[in-house]
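Everything below concerns the one structure shown next.
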Amino acid sequence: MKKNFLWGLLLLLLIGSLTSCKKEEEKGSGNPTGAGQTSEWQGLPDFGGRTYFVDTASDLKSVNSQGIFEVSGGLLSYVSMEEGKAGQSMVLCSDLSCRHVHSDPEKDIPITCEAEPPHGVGYVVYEDGYVYVISQTPYITDYGLYVQRRAMNGGGWEEIAFLPGYLLGGVEIVSYQFAENGKAYLAVLQMQEVDMAFGSLQNSCFGVMELTLATGEYRMIVPVKDDAYQNVYYMNLLGDSFVYCYVSTPASMLEELKDAEFDTVAEELYKKSTTKVVTVNMDTLEQTTFGEYGQKPLSGQEETDSFFVDVSKDGVVYVEDGTAYLKCYGEDTVHELFEVPKGYSTISMRLSNAWRIQLGSFQAGNFNVKSVYDVEKDGTVTPRESGTSLADISMCLENGYSFVKFQNSERWGSSVCLVGDEEIRNNQMPETVYYFYNE
């Protein structure tokens with residue numbers, strides 16, 4: 001019997017669109033804002049040049065200043081963030097007679113739509129008039145990554161490279177994978193089979209790849225780590241330094257637990273795991289340990305004396321001996337923040353330039369908030385009312401925008417919306433929703 005070790009432990013650790021054919025008199029110039037539109041909309045100029053890979057319950061989405069790219073239903077699509085058009089999707093196919101039918105080898109239906117990537121779905125990046133799709137083979141053995149591209153204004157697909165021996169880590173593992181300046185920064189993994197008393201165990205070993213899209217050349221910023229239990233929590237490129245935050249347990253523990261039941265193995269590995277934050281010099285690839293922190297016990301259990309709270313582009317928040325601290329990159333000063341009463345749990349909500357940290361306790365599976373603090377990157381702490389927040393942040397992009405779910409909104413309901421997060425921070429309903437989707 002096999003158990004997928006990574007997915008089982010993740011459960012312990014971390015707890016619609018309107019489709020239409022592209023209609024143009026002639027193929028466009030490769031600018032997605034001109035695809036089937038006459039508007040002069042230029043996206044979000046203050047969004048920055050990064051493409052974010054965002055996890056949703058239905059499809060993987062790539063978000064940049066121009067809009068949303070996705071491979072939905074196996075076909076490449078684009079969604080504008082133009083005001084009044086949020087959520088409207090179009091298939092990126094220049095053939096006006098195409099029916100946009102996805103292929104099906106079992107029914108002898110070949111690829112007929114140019115919006116269907118020949119090597120399957122994956123991460124999408126729009127760069128210099130091309131749309132790149134990074135996908136993986138469907139095989140658990142003899143696996144690898146494909147880099148394929150197509151001109152934005154139509155035409156056939158070109159295979160740039162095949163990278164054997166790697167799989168995509170998935171945005172459900174880390175939501176902070178991204179692409180910028182022609183390169184993609186990916187959490188990739190290799191599978192390891194380990195014989196245990198309960199059967200064969202699949203252990204996922206992670207590293208970080210810097211992939212040049214136009215050529216398929218790559219280098220490993222963080223080599224694949226042969227630890228027993230890993231979960232990528234956060235990664236970011238900050239100037240000439242790369243920040244990598246991950247959870248791991250020494251590989252030697254698998255041998256120690258070789259005769260234990262699966263549930264015991266999962267529990268013990270989590271208890272013995274630590275959250276590590278390292279910085280990597282992008283010129284030399286030399287790693288420096290920024291911090292190593294214990295894990296918070298699972299919901300309902302008593303907090304340990306020292307544990308990790310959250311990390312961002314500015315630094316790390318952690319608790320040590322009942323006091324919360326902030327340690328920022330490139331600084332020797334450690335900021336003392338506030339006291340954390342014994343037995344209290346912490347829940348962090350990341351904002352572009354701050355953290356909102358809730359203190360409280362779990363009762364019958366519910367988190368009862370006792371105190372709320374906003375922590376700025378300079379260590380300033382502002383207590384806030386502990387009432388219900390206007391929105392829950394699903395993912396803060398750290399560029400002034402966030403994906404959120406509103407608590408009480410007749411219009412948006414359970415939709416996940418892209419908004420400016422300054423208004424969320426001030427507990428105001430945003431004036432504009434740039435994009436939304438229903439999970």
Side-chain angles (χ1 to χ4, degrees), residues 30-32 49-54 59-64 66 69-71 74-78 92 103 111 113-171 173-191 204-225 232 235-237 240 242 244 280-285:
N31 182 348
R50 180 172 291 187
T51 294
Y52 298 86
F53 304 133
V54 178
D59 298 294
L60 174 68
K61 302 181 188 297
S62 299
V63 185
N64 64 18
Q66 298 294 315
F69 291 87
E70 62 181 333
V71 182
L75 301 179
L76 182 64
S77 301
Y78 169 72
L92 289 180
S103 64
I111 295 178
C113 180
E114 67 180 24
E116 179 177 348
H119 294 298
V121 301
Y123 300 160
V124 183
V125 184
Y126 170 69
E127 182 81 18
D128 292 334
Y130 287 94
V131 183
Y132 293 83
V133 176
I134 306 165
S135 60
Q136 63 189 24
T137 65
Y139 313 111
I140 199 64
T141 58
D142 193 26
Y143 52 77
L145 302 179
Y146 287 104
V147 184
Q148 51 198 319
R149 77 176 183 182
R150 198 206 77 184
M152 178 68 189
N153 59 6
W157 288 87
E158 174 188 3
E159 183 177 313
I160 300 297
F162 176 69
L163 313 179
Y166 294 102
L167 290 170
L168 297 171
V171 287
I173 307 301
V174 54
S175 291
Y176 284 85
Q177 297 176 98
F178 58 93
E180 63 181 0
N181 297 324
K183 296 180 179 180
Y185 296 86
L186 308 170
V188 297
L189 64 89
Q190 295 175 336
M191 299 303 298
S204 301
C205 303
F206 282 89
V208 178
M209 173 185 290
E210 179 188 62
L211 171 65
T212 301
L213 295 166
T215 64
E217 297 177 338
Y218 73 92
R219 63 173 179 163
M220 296 303 295
I221 298 176
V222 178
V224 170
K225 295 181 178 293
V232 181
M235 48 193 271
N236 208 341
L237 179 61
D240 59 359
F242 193 88
Y244 182 52
V280 183
N281 184 297
M282 292 297 288
D283 292 328
T284 65
L285 298 187

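- Evaluation of the side chain to side chain contact (heavy atoms under 4.5 Å, CB included) rule for Gln148 yields Pro117, Pro118, His119, Val133, Ser135, Trp157 as partners, not counting sequence neighbours.
- Taking the ring pair (Phe, Tyr, Trp, His ring centres under 6.0 Å) definition, one finds that Tyr132 meets it with nothing, sequence neighbours left out.
- For the pair Val121/Leu60, no side-chain contact is recorded, criterion being any heavy-atom separation below 4.5 Å from C-beta on.
- A donor-acceptor pair under 3.5 Å is absent between the side-chain atoms of Gln136 and the main chain of Tyr166, judged by distance alone.
- Proximity of Leu213 to Ile160: side-chain heavy atoms (C-beta onward) are nowhere separated by under 4.5 Å.
- At a threshold of 4.5 Å between non-hydrogen side-chain atoms, the residues Leu237 and Glu210 do not count as touching.
- Checked by atom type and distance alone, the side chain of Glu116 never pairs as donor or acceptor with a backbone atom of Gly74 at under 3.5 Å.
- With 3.5 Å as the limit, one finds no donor-acceptor pair spanning the side chains of Tyr126 and Gln66.
- Nearest heavy atom pair, residue Met152 against residue Val131, reads SD-CG2, 3.4 Å.
- Rounding to the nearest 0.5 Å gives a distance of 12.5 Å between OH of Tyr52 and OG of Ser62.
- Between Phe162 and Tyr146, the angle of the ring planes lies from 30° to 60°, which puts this pair in the tilted group.
- Pairing each heavy atom of Cys205 with each of Val224, the nearest pair is O-CG1, 3.3 Å.
- When side chains are defined from C-beta on, Val54 does not count as touching Val171, because their heavy atoms never get closer than 4.5 Å.
- In terms of heavy-atom proximity, Asp283 sits nearest to Asn281 at N-OD1, 2.8 Å.
- In this structure, the side chains of Leu285 and Arg219 come closer than 4.5 Å at one or more pairs of heavy atoms.
- Judged purely by atom type and a 3.5 angstrom limit, Tyr143 uses its side chain to pair as donor or acceptor with the backbone of Met191.
- Looking only at side-chain heavy atoms (C-beta outward), Val208 and Val280 stay at 4.5 Å or farther from each other.
- Ala179 and Phe53 make their closest contact through CB-CZ, 4.2 Å (heavy atoms, listed as atom of the first residue, atom of the second, distance).
- To the nearest 0.5 angstrom, Leu186 atom CG is 9.5 Å from Met220 atom CE.
- Here the closest heavy-atom approach between residue Asn236 and residue Phe178 is recorded as CA-CE2, 4.0 Å.
- Taking 4.5 Å as the limit, some side-chain heavy atom of Ile173 sits within range of a side-chain heavy atom of Phe206.
- Counting only residues at least two apart or in different chains, salt bridge (charged side-chain N to carboxylate O under 4.0 Å, His left out) contacts with residues 173-189 comprise Arg50-Glu180.
- Legend: salt bridge (charged side-chain N to carboxylate O under 4.0 Å, His left out) pairs involving residues 154-167, not counting sequence neighbours, sorted by first then second residue: Arg149-Glu158.
- Atom-to-atom distance recorded for Leu75:CG and Leu92:CG is 10.0 Å, nearest 0.5 angstrom.
- Taken to the nearest 0.5 Å, the OH atom of Tyr123 stands 13.5 Å off from the OG1 atom of Thr51.
- In this structure, CG in Leu145 is found 8.0 Å from CG in Leu211, a value given to the nearest 0.5 Å.
- With sequence neighbours excluded, no residue forms a salt bridge (charged side-chain N to carboxylate O under 4.0 Å, His left out) with Glu127.
- Side-chain contact between Met235 and Val222 is absent, with no heavy atoms from C-beta onward closer than 4.5 Å.
- With sequence neighbours left out, Thr215 forms a side chain to side chain donor-acceptor pair (under 3.5 Å) with no residue at all.
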